[in-house]
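Scope of the values below: all heavy atoms of this structure, side chains included, with no hydrogens, waters or symmetry mates.
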Amino acid sequence: MKIMFVHQNMPGQYRELVQWLADQRTHQIYFLTQRKNPPRFDGVETRVYKAHHRPAETAYGLSKNWEESTGNGLGAARAAKQIETREGFKPDIVVGHVGWGELTFFKQIWPDVPIIGFFEYYYSDTGGPVGFDPEDPVTENTPFLLHARNAVPLANIETVDVGLSPTYWQRDRFPQSFHRKLYVCHDGIRTDLLRPDPAVTLKLGRMDRALTKDDEVLTFVSRNLERTRGFHVFMRALPRILKQRPDARVLVVGGNDTSYGGKSKHPGGLRAEMEAEVGKHVDWSRVHFLGKLSYEDYQKVIQISRCHLYLTMPFVLSWSLLEAMAMGATIVGSDVAPVREAITHGETGLLCDFFDPDALGDQVADVLGNPAAYAHLGPAARAHVVQTYDFLTKCLPEHIAQMNALVPEGQRIALPRTPTT
């Protein structure tokens, strides 16, 4: 099959799918992206495109996102057509993310080529992170600005032949009229590669010995340390946790930027703001900010964890939660709808009120101090991810089936009869 992937930040949600397809050595694959110095996949032709237009800083707020998205869309469509003209590649199918408008004009260049679009999020001032935290109230203009952003998915639901949402919570954010085109399937977790490791060790610069599974280790992981992912709540729970567990070590993974929502007004960002708020109550010698880690080191952090804290407002579920579950971590998560889709309280993890750092701290301290009482949660969490989110046995077959349904029989992708984990 000839496949074109489109994602402004390659590979995005297609990391596992692109790698698997490339490994088959039977498909011709192009990946169109805006990312400078994109990662290399053996067997994938990567082409970088530029947006045709960028809105001015002073552009009208309600149409600014649409203006930027159409600039992306025209840039991507022209780049795709140029690939056909110069390189003779016309795909049998296009697979891409609709969120930045890149797919908007693909039917104008290839009306006969089917498209599967990734529908990640539909904006609203209710039910999601906006308006969830009283510390970050909405303005009277917020509902208008959020709905204006939905111009992109509203246009693209008519562009694509089939849409994809990775979780039911995300699917249900979209209007009911979208659902006839949307199938639900996660990107997929490589549970065959992400496993518990009882023998794992981790050396930290401030310690004269390596940490092992015998240590009381609390972990917190987020791409960036921000409010949407509950970093402020985590920091407020820290004094209580460290006071109750004097031997505990806390490993924090994540950058200091902001991926979602507003930025802290503190000169040093949210981390510095929260350090100033709780600083005198925290034994910082036992708190280790590790920044952004390699994927291998990140796995060690999760594998060595006695308690892994996953906090989020109602928003897109992080890969890190499902990966931590695959590695058998004991999870304490925020009790919000997208997390409840993955975790059943008391069976595959524990859920706490996002706005109650004291209760959160008590629960984490109890997990750290009584690991035997919670020893069933990690194996059950892994079993659930293997059964529901495993890439090779669950998600890959569904994605391939959806692709195959849109192309003639002679172009279809063959799956191994019995994929193994």
For this session: Taking the side chain as every heavy atom from C-beta outward, state whether Leu194 and Val385 have any pair of such atoms under 4.5 Å apart.
Result: no
For this session: Please examine the side chains of Phe231 and Arg271, heavy atoms only from C-beta on, and report whether any two atoms are closer than 4.5 Å.
Result: yes
Exercise. Quick one: does Arg340's side chain have a donor or acceptor within less than 3.5 Å of a partner on Asp335's backbone?
Worked result: yes
Problem set entry | Pairwise side-chain contact, Ile331 with Leu350, heavy-atom cut-off 4.5 Å (strictly under) | no
For this session: Give a yes or no on whether the backbone of Arg249 and the side-chain of Arg286 come within a donor-acceptor separation of less than 3.5 Å.
Result: no
For this session: List the steps, then state whether side chain to side chain contact (heavy atoms under 4.5 Å, CB included) holds for Ile3 with Met403.
Result: CA-CA 10 Å; Ile3 311 165; Met403 295 170 69; 4.0 Å; yes
For this session: Would you confirm whether Asn224, through its side chain, and Asp257, through its main-chain N or O, come within 3.5 Å as a donor-acceptor pair?
Result: yes
Exercise. Parallel under 30°, tilted from 30 to 60°, perpendicular over 60°: which one fits the rings of Trp100 and His97?
Worked result: tilted
For this session: Answer yes or no: is there a side-chain heavy-atom contact under 4.5 Å between Val162 and Leu406?
Result: yes
Exercise. Centres of the Phe132 and Phe315 rings: under 6.0 Å?
Worked result: no
For this session: Work out which heavy atom in Leu182 is nearest to a heavy atom in Ser165; give both atom names and the distance.
Result: CD1-OG, 4.1 Å
Exercise. So, Tyr298 versus Glu323: side-chain donor-acceptor pair below 3.5 Å or not?
Worked result: yes
Problem set entry | Pair Tyr310, Ser320: side-chain N/O donor-acceptor within cut-off below 3.5 Å | no
Exercise. Any side-chain donor paired with an acceptor under 3.5 Å for Tyr260 and Glu226?
Worked result: no
Problem set entry | Sidechain-backbone polar pair: Lys300 side chain, Tyr295 backbone, donor-acceptor under 3.5 Å | no
Exercise. Is there side-chain contact between Glu84 and Phe89, with heavy atoms separated by less than 4.5 Å?
Worked result: no
For this session: Would you tell me whether Asn72 and Glu68 have side-chain atoms, one donor and one acceptor, within less than 3.5 Å of each other?
Result: no
Exercise. Can you find a side-chain donor-acceptor pair between Gln170 and Tyr122 that sits under 3.5 Å?
Worked result: no
Exercise. Charged N to carboxylate O under 4.0 angstrom, Arg236 versus Glu135?
Worked result: yes
For this session: Determine, for Phe31 and Arg47, whether the Lys NZ or Arg CZ falls below 6.0 Å from the six-membered ring centre while staying within 45 degrees of the axis.
Result: no
For this session: Check whether the side chains of His308 and Thr219 place a donor and an acceptor atom closer than 3.5 Å, and report yes or no.
Result: yes
Problem set entry | Any donor-acceptor N/O pair, Ser305 side chain to Cys307 backbone, under 3.5 Å | yes
Exercise. Is the shortest side-chain N to carboxylate O distance from Glu158 to Arg180 below 4.0 Å?
Worked result: yes
Exercise. Would you say the side chains of Glu67 and His53 form a donor-acceptor pair under 3.5 Å?
Worked result: yes
Exercise. Can the ring centroids of Phe119 and Phe174 be said to lie less than 6.0 angstrom from one another?
Worked result: yes
For this session: Dump the intermediate steps for side chain to side chain contact (heavy atoms under 4.5 Å, CB included) on Arg227 and Leu270, then the final yes or no.
Result: CA-CA 8 Å; Arg227 288 182 177 272; Leu270 183 61; 3.8 Å; yes
Exercise. Can we say Lys107 and Asp161 salt-bridge, meaning some charged N sits less than 4.0 Å from an Asp/Glu carboxylate O?
Worked result: yes
Problem set entry | Side-chain (Arg382) to main-chain (Met327) donor-acceptor, under 3.5 angstrom | no
Exercise. In terms of side-chain geometry, is the basic nitrogen of Arg240 or Asp358 positioned less than 4.0 Å from the acidic oxygen of its partner?
Worked result: yes
Problem set entry | Cation-pi geometry met for Arg149 and Tyr123 (6.0 Å, 45°) | yes
Problem set entry | Nearest atoms (heavy-atom pairs only) where Arg206 meets Ser285 | NH1-O, 2.9 Å
For this session: Taking all non-hydrogen atoms of both residues into account, name the closest pair between His399 and His186 and its distance.
Result: NE2-O, 2.9 Å
For this session: Using a 4.5 Å cut-off on heavy atoms from C-beta on, say whether the side chain of Leu62 contacts that of His147.
Result: no
